[in-house]
Amino acid sequence: MASFKPTQIPDLPKLGEKITEDTLYWKNYKAPVQIKEFGAVSNIDFSPVSPHNFAVTAFTRIHIYGPFSQEPVKTFTRFKDTAYCGRFRSDGQLLVAGCEDSVVRLYDVGGKAALRMYKGHTKAVHVADFTTGRYQILTASDDYTCRLWDIPNAVELTAYQEHTDYVRCGVTSKLNRDLFITGSYDHTLRVFDSRTEKSVMTMDHGQPVESLLLYPSEGLLVSAGGRYVKVWDLLKGGQPLVSLKNHHKTVTCLALNSSGQRLLSASLDRHVKVYNTTNYKVVHNFDYAAAILSLGLAPDDESIVVGMTNSILSIKHRKNLEEPKETSKPRRRPSYRVFMKGKNFVPKQDDYFVSKPARQHLAKYDKQLKRFNVSKALDTALEAWLRRKKPEVTVAVIKELDRRGTLKNALAGRDEEQLSRLLCFVIGNFFDTRFTPVLATTAEIVLDIYQCVIGQSAVIDRHLIHLQKLLEKEIYYQKDLMEILGMLDTMFAFSLLRKELICVLQHYDDLSQL
Amino acid sequence: MVEYGDIRVVYRGGSKINFRKPVISNDSRFLLCASGESVKVFSSVTEECVHELRGHTGQVTGVLLRPSNHLQVYSCSTDGTVRLWDFTDGILVRTYVVGYPVYSIYASLNHKEVVFIVTPVQSDKRTELFQLVAVNLPQTPDQLVEARDLSAVLSDVSSNPSTIAFGRGGEYLASVNNLKMEIYFFKKNKSYSFSLREYTKNGGKNTFTCIACHPKDDCVATGHDDGKIRLWRNFKQKKEYTYSTLHWHHSAVSSLCFTPEGTNLLSGGVESVLVQWRYNQENQKDFLPRLGAAITHVTVSPDGALFSTSHSDNKITIIQSCVKVSAVIQGLVKGENVTTGLLVDPRSKALVLNGRPGHLQFYSLQRDKLLFHLDIVQQEYIHEAGLEQFEVVRAAFDASGLWLATVEERKQKSAELELNLKLWSFDEQTQSFVLNTTVSAPHEARITAMCFSQAADSQTTTLVSASRDGHFKAWQLGLPAHTDDEGPSWSCDFVGAYHGLVPRCCCFSADGSLLAVGFQEVVTVWNPTSWELLTTLSQPPGDVRNLCFGQLSCSKYLLGSNNKKMVCCWNLLTCSLEWSTSMDVSLLLVDSRSENMAAFCCQDGSTDLFVFKPSEPRPLFSQKAVCSGRVIHAVFTPREVMLESSEESSQWLNRSQLYFLTEFMDLLTFSTKAEEEKLMASSKQLVIDDTVAMTPFYLLLGKHRHEHLGNEESAERTPLPQSSVAIKELLQTPAHVLPATSFLCSMFAKSLLISVTETREENKHVDEEMESEKEEEDSDEEVETKISRPEQEAKGVQGGESTAPTLTKTQVRELRRVRKQDLSWITGLLDS
């Protein structure tokens with residue numbers, strides 16, 4: 001005796017993005033905390049030392065937030081104009097910031113007033129950073145210069161005037177205290193060595209450079225400008241390695257995750273894209289409400305902080321894996337004894353051993369199908385959670401009923417409530433291409449059966465009219481698609497004139513399946 | 001069968017075992033069933049065929065246990081004989097020649113040495129009227145007996161054996177035919193008949209389909225076309241009969257059977273559910289559902305321990321008292337049409353074709369045994385007439401046997417065609433195929449052809465499917481997605497078309513470097529790696545029917561046949577037509593182990609075969625009228641052991657065998673004389689070794705023993721000295737009461753010698769010993785009956801002549817006399 005074969009639930013191709021390790025990793029963040037700042041958030045910098053506070057530069061203020069606080073733990077407000085680029089020193093004690101009024105200010109993280117003010121630039125300073133030597137500051141300004149300052153004496157050490165446009169980004173080397181790189185709106189990236197007078201390396205990005213990033217190994221440099229993100233090999237004398245064009249507006253900010261395996265780029269097109277640094281493919285994508293100006297990633301990727309033009313700061317914290325365990329109270333399970341009851345019984349010599357056949361577990365609808373209760377099977381398949389969470393199961397049951405030739409019997413004899421539930425399901429899933437063939441037959445049969453009762457119930461009539469409208473819309477849409485297909489055909493035919501025999505390409509087929 | 005030189009066409013495999021009711025032996029150890037021209041004896045435990053009772057020259061139409069001897073069985077056949085067999089040893093005991101074709105056979109304990117057979121009414125052969133005839137079987141020791149003592153019992157009966165049954169130990173006999181039931185009482189020699197209206201009020205059909213009689217009670221159960229079972233009682237009068245109706249089956253009841261005690265009634269039908277009704281409590285039913293296919297016969301073993309059901313898919317299921325299936329004896333399933341064609345599994349070398357609905361069957365040709373069914377559709381089969389079912393229409397194996405591709409389709413009247421392409425990978429652990437990928441709706445129309453790339457060494461294989469929608473698609477195994485725990489799956493790699501023509505056939509070259517697709521009249525050749533159209537080959541008008549690449553040294557040739565009676569051979573190096581000939585080839589296939597190709601040509605009702613090499617103008621072998629009817633499918637199967645035939649005409653069969661399937665679903669093959677001789681020899685070998693299990697130890701010892709057998713045949717044959725009663729007594733008597741050893745010795749030694757004549761002296765004592773002799777007579781008789789068999793007699797004579805030291809009667813008497821002598825004088829001597 002063969003056992004009952006349960007209904008096959010087809011393993012349908014998942015629509016939308018594929019679930020990969022990356023999606024799982026990057027989706028594992030809580031709902032964002034949104035904080036309103038006073039203006040567009042231009043820079044976010046994480047303190048290198050624990051507890052990893054971060055400085056948010058927005059309008060004329062710099063706020064310092066703790067890792068979990070929603071209120072700033074510290075605020076620097078003594079700016080005359082818009083502040084730029086508030087950055088921590090490697091020991092987390094000092095903070096430097098440029099300003100629209102061309103003065104660079106140095107703060108003690110604990111204090112309030114500026115410790116030092118560096119005056120010398122003639123225009124707004126958009127870049128300020130500490131060198132690895134800890135006693136020098138790099139600044140770059142809209143006056144096309146970049147300068148090195150001595151922190152204690154507040155004197156300018158060197159000025160480089162090689163750029164021919166605004167300098168809007170710069171990074172200092174973490175390994176070499178003399179090296180720093182600047183990017184400018186003159187499309188170039190320049191590598192400077194403070195021991196020499198001139199730049200030691202120049203690379204052409206091709207677009208105004210908005211952001212720079214050095215890999216921890218400092219062999220590779222990433223630059224963002226325009227819609228492009230480019231990776232340069234510094235060890236090969238600044239050879240371009242990859243050029244990525246995944247955004248459709250200017251890329252404003254770059255970040256590297258803690259492991260160095262993923263590169264993040266934020267853009268004015270409101271997306272943050274995550275790239276795999278081995279093959280530079282986009283592995284994940286975040287959407288935000290407004291154009292993004294700044295992006296920060298906490299050490300160990302504990303949180304993603306994004307600043308936007310609409311002066312909103314969005315902080316996403318990583319979900320703690322242990323948390324859900326604590327919240328859900330462990331259910332009391334039957335004791336070990338219950339499970340082991342009779343399991344270790346050893347039959348005696350004269351005992352006649354009757355083996356118990358293993359019971360086949362069947363789903364509810366399969367149990368009904370096994371008994372040929374077709375209407376009940378359809379009812380169980382149309383249960384609320386099943387039809388919402390797993391419409392493919394409901395469709396598979398309908399298909400099975402159709403295969404058995406009993407779909408009509410199952411659909412007939414329903415009252416208003418049952419029928420409206422059925423129609424709701426049909427309408428909701430009708431244009432899912434995976435379900436259309438089955439549901440079209442269902443709809444046809446329903447119309448055949450309930451033709452005579454149309455007009456008796458307002459609810460059913462409303463559903464039917466809705467269905468009709470949807471169908472009209474779909475037909476219109478299909479017509480449009482066919483027109484596009486026709487246009488594409490002519491184009492392909494034209495381009496393939498050379499190869500006279502091949503008429504059809506894969507594209508054609510893909511399109512025709514739409 | 002057609003003789004041609006030493007190559008002839010023979011039937012292979014898969015005779016029907018569900019043709020007639022099987023019989024279970026009294027001890028439930030064996031199950032006997034009619035199978036073609038023989039009766040097969042299966043073990044009910046191991047499912048193996050123990051004996052095949054061969055001898056009939058026509059189809060065996062019935063098997064019946066002999067009521068007076070439960071170790072013997074009658075079988076009847078359309079060749080007009082009834083044969084009696086000893087089925088435990090597989091020996092034909094007697095043949096009764098009736099002279100008319102026999103369609104079924106019945107017997108009961110009440111009627112000793114009479115069997116009842118159904119034969120056609122001789123007067124008119126056309127009307128197909130049948131009658132039940134009682135045959136007196138004469139009791140003679142002859143092997144061949146004429147049984148001409150026939151007497152008609154009932155006329156106008158059905159030839160279906162399940163329509164006649166004996167009731168209550170053979171008191172009466174009930175028969176149904178169409179709408180009439182007739183019950184014949186032997187004592188009264190009178191018959192009553194009852195008839196029903198053709199249709200009931202509800203429109204059900206009342207036609208009788210089967211009958212069963214209660215073994216203890218006066219009750220007859222009849223099955224009807226509309227699924228009803230009627231229990232008739234009180235039928236000893238014509239007027240006052242009653243019947244009650246049981247209804248569960250939704251279509252005709254095909255078989256009914258009472259258990260030996262009469263407590264249960266079993267019924268089966270097309271629903272493939274065995275229903276067990278309690279007698280007198282008919283509302284209590286037990287079911288054994290999902291037995292696989294429609295039930296054709298139900299039988300119960302004489303002790304009631306085992307049930308067996310025969311099914312329409314050539315299967316016998318043995319059930320332990322309606323609880324669980326204990327054994328399944330499965331023959332080759334022959335459906336209505338084999339759409340997948342014949343395939344050979346490269347791994348097991350089994351023949352693969354459609355089996356049960358929605359299944360593929362793997363059939364071992366060497367062992368003539370169905371290995372297993374692979375469930376392709378994986379859906380509950382609904383037994384209902386007129387329901388469109390999924391059917392497996394195409395299947396293909398890749399060269400290594402790692403992948404199996406199947407296409408199943410279901411055609412609905414209203415909606416569009418449902419197609420599924422499934423790819424199965426071979427799982428080493430479970431040793432079976434596991435579903436890997438399902439592609440629903442791979443094409444928009446029916447798939448016309450499907451093939452795998454045959455290159456054995458390539459890492460990734462390609463599957464090509466051609467469809468009526470005008471496209472062919474190439475499928476390839478994709479790389480596994482690194483996060484999903486599932487393995488790699490198949491996806492579409494390329495879609496090709498040619499001027500909107502419909503591709504009918506496709507074929508890969510042996511090394512997998514070329515793909516040929518026949519688009520109606522045009523043959524296109526593609527490169528499977530770059531999917532570039534390399535060339536098109538012209539041919540005379542007509543749609544291409546078959547395409548195949550040459551093998552080995554002929555791999556530069558591509559052959560095609562079209563429906564305008566042309567066969568063309570192109571040279572792929574020059575892209576030109578090498579030769580063409582006018583031949584209406586219906587099937588063209590290539591042997592993968594040699595350069596040979598086989599072409600089946602259909603001509604006015606019979607099929608001709610040509611075997612040729614593409615490079616040679618003359619065919620290697622040709623045979624006219626291989627079989628009647630069209631050959632639908634054929635396949636070359638590789639041989640396990642290569643034959644070494646020197647004759648030119650049979651050389652093409654050395655490496656592989658050609659199997660083909662005709663439109664009448666006969667599986668045929670070609671066999672050479674050498675092969676048959678080998679087969680015969682091996683079967684003889686088997687008979688000798690039957691008694692000893694073939695263990696490795698036996699094989700080691702066997703040789704040694706065979707040598708000994710030759711040398712010491714005579715020595716081994718000598719029976720041990722027969723221990724006469726007298727000697728035994730002599731030896732068992734306590735020593736102190738025996739006469740002196742010197743006195744006995746000479747006499748004992750003498751008794752061991754061969755006696756030539758009886759001496760007179762001995763005769764003297766005869767009178768004295770009369771009374772003691774009488775009591776010994778019994779034991780002597782026993783000995784004599786024991787050796788009554790002629791062979792043993794002969795043996796005894798031989799043995800006696802050689803050395804056997806048997807005691808003659810006189811010597812025995814002598815010994816006994818000695819023992820009985822009064823030996824009191826010895827005691828006297830001792831005392832003094």
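Letters go in sequence order (proteins before strands), and every chain restarts at 1.
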Which answer fits A/Glu400, side chain, backbone, both or neither, if we ask what part of it has an atom under 4.5 Å from a heavy atom of chain B?
->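 The answer is the side chain of A/Glu400.
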
Calculate, to the nearest 0.5 Å, the distance between atoms OG1 and CD belonging to A/Thr7 and B/Gln378 respectively.
->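 Atom-to-atom, A/Thr7:OG1 and B/Gln378:CD are 12.5 Å apart.
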
Reported CG-to-CD distance for the pair B/Asn420 and A/Gln8, which is rounded to 0.5 angstrom |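 Atom-to-atom, B/Asn420:CG and A/Gln8:CD are 10.0 Å apart.
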
More than 12 heavy atoms of other residues, nucleotides or ligands under 6.0 Å from OH of A/Tyr477: is that the case?
->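 Atom OH in A/Tyr477 is not packed in, count stays at 12 or less.
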
Give a yes or no on whether B/Glu391 atom CD has more than 12 heavy-atom contacts from other residues, nucleotides or ligands under 6.0 Å away.
->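 Atom CD in B/Glu391 is not crowded, with 12 or fewer foreign heavy atoms closer than 6.0 Å.
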
Measure the shortest side-chain to side-chain distance between B/Glu380 and A/Lys5 over non-hydrogen atoms and say whether it is less than 4.5 angstrom.
->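 Touching, per the 4.5 Å side-chain cut-off.
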
Could you note down all residue pairs passing salt bridge (Lys or Arg N to Asp or Glu O under 4.0 Å) where residues 514-530 of chain B supplies at least one of them, sequence neighbours left out?
->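 For residues 514-530 of chain B: none.
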
Donor-acceptor pairs under 3.5 Å, side chain of residues 368-378 of chain A to any protein atom, not counting sequence neighbours: which ones?
unit_1, atom_1, unit_2, atom_2, d
A/Gln368, OE1, A/Asn373, ND2, 3.2

List the atom of B/Ile382, the atom of A/Arg403, and the distance in Å for their closest heavy-atom pair.
->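 Smallest heavy-atom distance, with atoms named: CG1-NH2, 4.3 Å.
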
